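Read the structure below first, then the notes.
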Amino acid sequence: MLLEPEDTFDSDYRVHLATTTERSLRELLIAFPRRYTGLFHLSEKWIENRIHDVLEGDVIQTDVGSFYRGIKRGSSTRAEQRTVSKRKDIIVSHIRKLASLKGKLEHSEFIIEGHLIVERAVEDGLPIETLLYTTGFVATPEGKSLLKRAAAENLSFYQGIAFRLRFSIGKEGKSHLRSNWVLNYFHEVLKKHHAGYFVLIDPEQCEIEKCVKLAREIEKAGADAILLGGSFLTNDLHPIAKALKQETELPLVLFPGDSMHLTPHADAILYISLISGRNPNYLIGEQVKAAPWIQRYALKPIPTGYMLIEGGNKTAVEFMSDTTPIPRDKPDIAGPHALAAEYLGMQMVYLEAGSGAVHSVPEEMITTVKNQISIPLIVGGGIRTPEIAAKKVEAGADFIVTGNILEENGSLELMRAFANAVHG
Ligand SMILES: CC(C)=CCC/C(C)=C/CC/C(C)=C/CC/C(C)=C/COP(=O)(O)OP(=O)(O)O
Ligand SMILES: O=P(O)(O)OC[C@@H](O)CO
């Protein structure tokens with residue numbers, strides 16, 4: 001985003017946006033200074049609606065094209081508060097960690113501060129990942145010139161607590177995995193706790209308000225992330241995801257049943273391939289259809305080997321995917337599937353008994369799989385009590401997913417009991 005002083009059309013700034021995704025546009029608009037008027041050049045139709053979400057104003061036609069002229073709403077803008085000051089902001093806390101040598105070594109990332117050195121780094125083409133700056137900085141001449149250069153380099157911007165620049169050392173170029181803060185966050189959860197706890201929200205099962213209430217409780221209870229998805233969706237995902245993201249600090253991770261289950265309002269997506277089945281559509285077909293949209297929406301993909309395990313009843317996943325689950329008494333078949341997932345470069349394995357399964361994944365199978373792989377293991381389906389969750393962790397699960405039980409009885413106490421049982 002580049003701001004130029006503007007007075008011809010009764011605005012404070014003429015704003016040039018270099019963005020191709022809704023997410024980066026949103027982040028840029030968050031950085032636009034409050035109580036100032038901007039004249040935004042509308043290069044593409046979709047930009048207009050998104051600007052309208054954040055700024056109050058109208059489209060104006062001029063002889064040099066159409067523009068959106070709007071003023072940034074007052075200080076109560078939720079997004080603004082979230083980005084700048086929330087203590088638990090995941091990116092900000094990650095950046096804080098990088099201040100220590102231990103943090104730098106652990107993540108192979110640096111922060112550098114000061115516009116001259118940052119400018120030099122941009123100029124030298126260092127593998128920069130994210131540029132962080134304050135709202136004040138964007139309006140200074142140094143800020144303008146640096147942001148112009150950074151926009152030309154296609155860097156992602158983030159308005160942070162201080163003007164800082166983060167970049168990775170090591171290999172050239174950007175890797176989606178190296179810059180995948182959600183995956184890094186999952187690994188941090190595992191360093192902090194014995195295991196992590198994910199709660200699945202099924203968009204079919206709740207109205208927006210109910211979902212939001214549930215999400216707030218999930219966060220309060222100490223869960224580590226919210227999964228959003230279902231095997232068959234008829235509800236519009238966008239408003240639900242948007243509301244959840246506004247109301248909680250937890251990472252919002254899509255858990256898709258097919259390539260239509262996407263929204264730019266989430267942080268990441270379990271990029272699952274149904275490796276227990278032999279249905280090419282769920283091994284690679286849906287993934288190919290979704291890939292360009294995941295890129296456009298700037299979702300962080302988490303490549304995951306998804307394995308369906310017989311759970312005593314025919315589940316939605318089994319029916320929808322037209323695949324046969326791995327028999328629950330055959331851990332020796334499950335093990336090599338998981339190992340193959342790791343060898344294929346997947347970052348997680350998910351053992352799924354199916355939502356509402358009569359029997360959850362057997363402990364023996366969890367242990368066999370865990371012993372074969374070094375990537376984190378997610379276990380879900382039919383886990384109905386904190387005691388059972390603890391047993392799965394003891395057997396080797398790194399992350400536990402619960403869905404139905406909280407839809408049936410979403411009490412804060414029960415969620416807390418699950419989080420505590422899993423965290424150990
Ligand atoms: C990577 C992308 C974009 C798509 C991959 C799609 C794949 C491989 C799907 C596997 C098969 C499938 C239908 C998985 C569904 C996973 C899921 C969200 C399960 C949880 O929900 P349900 O089992 O539907 O729960 P309910 O029965 O409560 O709806
Ligand atoms: O709804 P439940 O049975 O808890 O299952 C959660 C999840 O693993 C389904 O994909």
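These numbers come from a predicted model, not from an experiment. Order of appearance sets the numbers: ligands from 1, and atoms from 1 within every ligand.
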What are the atoms of ligand 1, with element, lying closer than 4.0 Å to any heavy atom of G230? 18 (C), 21 (O), 24 (O)
Distance filter under 4.0 Å to Y271 heavy atoms, resulting ligand 1 atoms: 1 (C)
Heavy atom of G354, distance to ligand 1 below 4.0 Å: no
Which of the numbered atoms in ligand 1 are under 4.0 angstrom from any heavy atom belonging to I272? 1 (C), 5 (C), 7 (C), 8 (C), 9 (C)
T402 heavy atom under 4.0 Å from ligand 2: yes
V317: numbered ligand 1 atoms lying under 4.0 Å from its heavy atoms: 11 (C), 12 (C), 14 (C), 15 (C), 19 (C), 23 (O)
Would you indicate whether the side-chain heavy atoms of F40 and L29 approach each other to under 4.5 Å? yes
I need the contact type for F198 against ligand 2. Using non-hydrogen atoms and a strict under-4.0 Å cut-off, is it side chain, backbone, both or neither? neither
What are the atoms of ligand 1, with element, lying closer than 4.0 Å to any heavy atom of A290? 3 (C)
Any idea which part of E352 is under 4.0 Å from ligand 2, heavy-atom wise: side chain, backbone, both or neither? side chain
Could you list which atoms of ligand 1 come closer than 4.0 Å to a heavy atom of D202? 26 (P), 28 (O), 29 (O)
Side-chain ion pair, R50 and E22, N-O less than 4.0 Å: yes
Counting both backbone and side chain atoms, is some N or O of Y306 under 3.5 Å from an N or O of ligand 2? no
Is it the case that more than 12 heavy atoms not belonging to H194 sit under 6.0 Å from its NE2 atom? no
Residue, atom name and distance, where the atom is the protein heavy atom closest to atom 23 (O) of ligand 1: S355 CB, 3.2 Å
